Number of protein chains: 2
Amino acid sequence: MINTNEFSNILKDMGYKLTEPRKVVFDVLSQSRMTHMNASDVLKRAKEIKPDIGAATVYRVLALFEKLDLVYSLDLDDGCSRYELRRSFDGHRHHHLICESCGKVMELKEDLLEKLEIEIEKTKGFVVKDHRVKIYGTCKKCRKNPGML
Amino acid sequence: MINTNEFSNILKDMGYKLTEPRKVVFDVLSQSRMTHMNASDVLKRAKEIKPDIGAATVYRVLALFEKLDLVYSLDLDDGCSRYELRRSFDGHRHHHLICESCGKVMELKEDLLEKLEIEIEKTKGFVVKDHRVKIYGTCKKCRKNPGML
DNA sequence: ATTCATGCAAATCGTTTGCAACCCA
DNA sequence: TGGGTTGCAAACGATTTGCATGAAT
């Protein structure tokens with residue numbers, strides 16, 4: 001996982017300033033045990049550290065982090081984007097198992113579609129750069145306690 | 001592909017009324033050559049047939065169709081939902097190739113993840129009900145004309 | 001006749017933008 | 001110093017909701 005030093009170097013190298021709000025948002029993302037936070041989750045935590053931080057700033061910082069590949073965004077069909085710090089820069093994205101009963105999101109490490117990508121390039125002339133996979137179903141816990149919801 | 005008769009039967013069977021706006025939206029979805037229409041595309045076409053139809057109605061009808069599995073929704077990361085009539089009721093969804101250069105969306109028929117689903121159930125106890133795959137890259141045409149955009 | 005569905009307008013929600021003040025390099 | 005950044009508030013666009021009217025069964 002990326003650390004504070006690497007983070008500030010990346011910002012500087014790309015010509016961006018290392019500002020208070022950027023540091024705070026980075027800390028929130030890297031230190032929070034909550035995963036897949038949305039902008040307002042991040043804002044709430046950020047305000048605990050820097051009470052005068054504005055919502056617009058959080059959106060702008062998250063967009064910048066995404067552009068710099070520090071973060072990537074995730075759509076869980078709940079009307080807002082969610083954000084995740086990238087673990088590494090090897091270009092391999094992980095995917096998500098989403099429980100339709102309790103809403104829990106689990107991560108799936110496998111690199112799923114390599115063979116398929118080659119096939120697509122051959123047959124369709126479409127060069128694959130990235131893929132996102134969401135898998136919906138029922139998690140182990142909800143299978144055992146169907147009455148929970 | 002589902003036809004008008006089947007459509008009205010499904011509505012009735014589920015206890016919903018066969019209304020003008022529902023017929024119009026169904027016709028728009030099934031007759032338009034535009035695929036992956038968003039709500040305002042649908043509204044525009046629907047108004048050509050029934051000029052007094054309201055936006056809220058279109059949203060309500062699309063949500064109903066989705067609930068009835070007549071339609072499913074698609075997120076192309078452009079800030080609105082897009083809708084597609086289901087081709088069949090076999091539960092198999094198709095997936096999408098999205099060109100990052102020209103925005104074109106192509107469909108991919110393959111049923112991608114069957115083996116993986118079995119693996120997930122075994123190792124994680126997570127019962128898979130559905131999956132959505134989006135593949136990003138560059139289409140054949142844009143590869144040949146890199147200057148287009 | 002009764003219930004469900006509609007159209008309209010206002011409300012909401014997430015996100016973006018304009019702009020003057022501010023702060024890092 | 002000076003331009004990138006910020007905070008605030010207003011603007012925005014997609015979607016939802018309240019409600020009185022209207023239509024399907």
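Note that the structure is predicted; figures quoted are calculated from it, not measured. Below, chains carry the letters A, B, ... as their sequence lines are ordered, and counting in each starts from 1.
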Ring centres under 6.0 angstrom apart (Phe65(B), Phe7(B)): yes

Aromatic ring proximity His94(A)/Tyr72(A), centre distance under 6.0 Å: yes

Counting side-chain heavy atoms from C-beta on, which of [options] comes nearest to [X]?
| X | options | result |
| --- | --- | --- |
| Arg60(B) | dT6(D), dG18(D), dT15(C) | dG18(D) |
| Arg22(B) | dG7(D), dT6(C), dT16(D) | dT6(C) |
| Lys17(A) | dG7(C), dA25(C), dG7(D) | dA25(C) |
| Lys50(B) | dG7(C), dG3(D), dG14(C) | dG7(C) |
| Asp52(B) | dT15(D), dT15(C), dG7(C) | dG7(C) |
| Ala39(A) | dT15(C), dC8(D), dT15(D) | dT15(C) |

Output the rounded distance in Å from [atom1] ([X]) to [atom2] ([N]).
| X | N | atom1 | atom2 | value |
| --- | --- | --- | --- | --- |
| Arg82(A) | dG14(C) | CZ | P | 10 Å |
| Leu43(B) | dT6(C) | CG | P | 14 Å |
| Ile53(B) | dA5(C) | CD1 | P | 14 Å |

Closest-nucleotide 5' rank along DNA chain D - winner of Ser81(B) and Glu20(B):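 Of the two residues, Ser81(B) wins.
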
Beyond-backbone contact of His95(A) with Lys134(A), side-chain heavy atoms, under 4.5 angstrom: no

5' precedence on DNA chain C between Pro51(B) and Gly15(B) (nearest-nucleotide basis):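 Closer to the 5' end of DNA chain C: Gly15(B).
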
Sugar-phosphate, base or nothing in reach of Thr19(B), heavy atoms under 4.0 Å: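 Sugar-phosphate contact only - Thr19(B) comes under 4.0 Å of backbone atoms but never of a base.
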
Sugar-phosphate, base or nothing in reach of Ser40(B), heavy atoms under 4.0 Å: nothing

Short side-chain to backbone donor-acceptor contact, Thr57(B) and Ile53(B), under 3.5 Å: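 Pair absent, no side-chain N/O of Thr57(B) close to backbone of Ile53(B).
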
Presence of Tyr59(B) side-chain N/O under 4.0 Å of dT15(D) phosphate oxygens OP1/OP2: yes

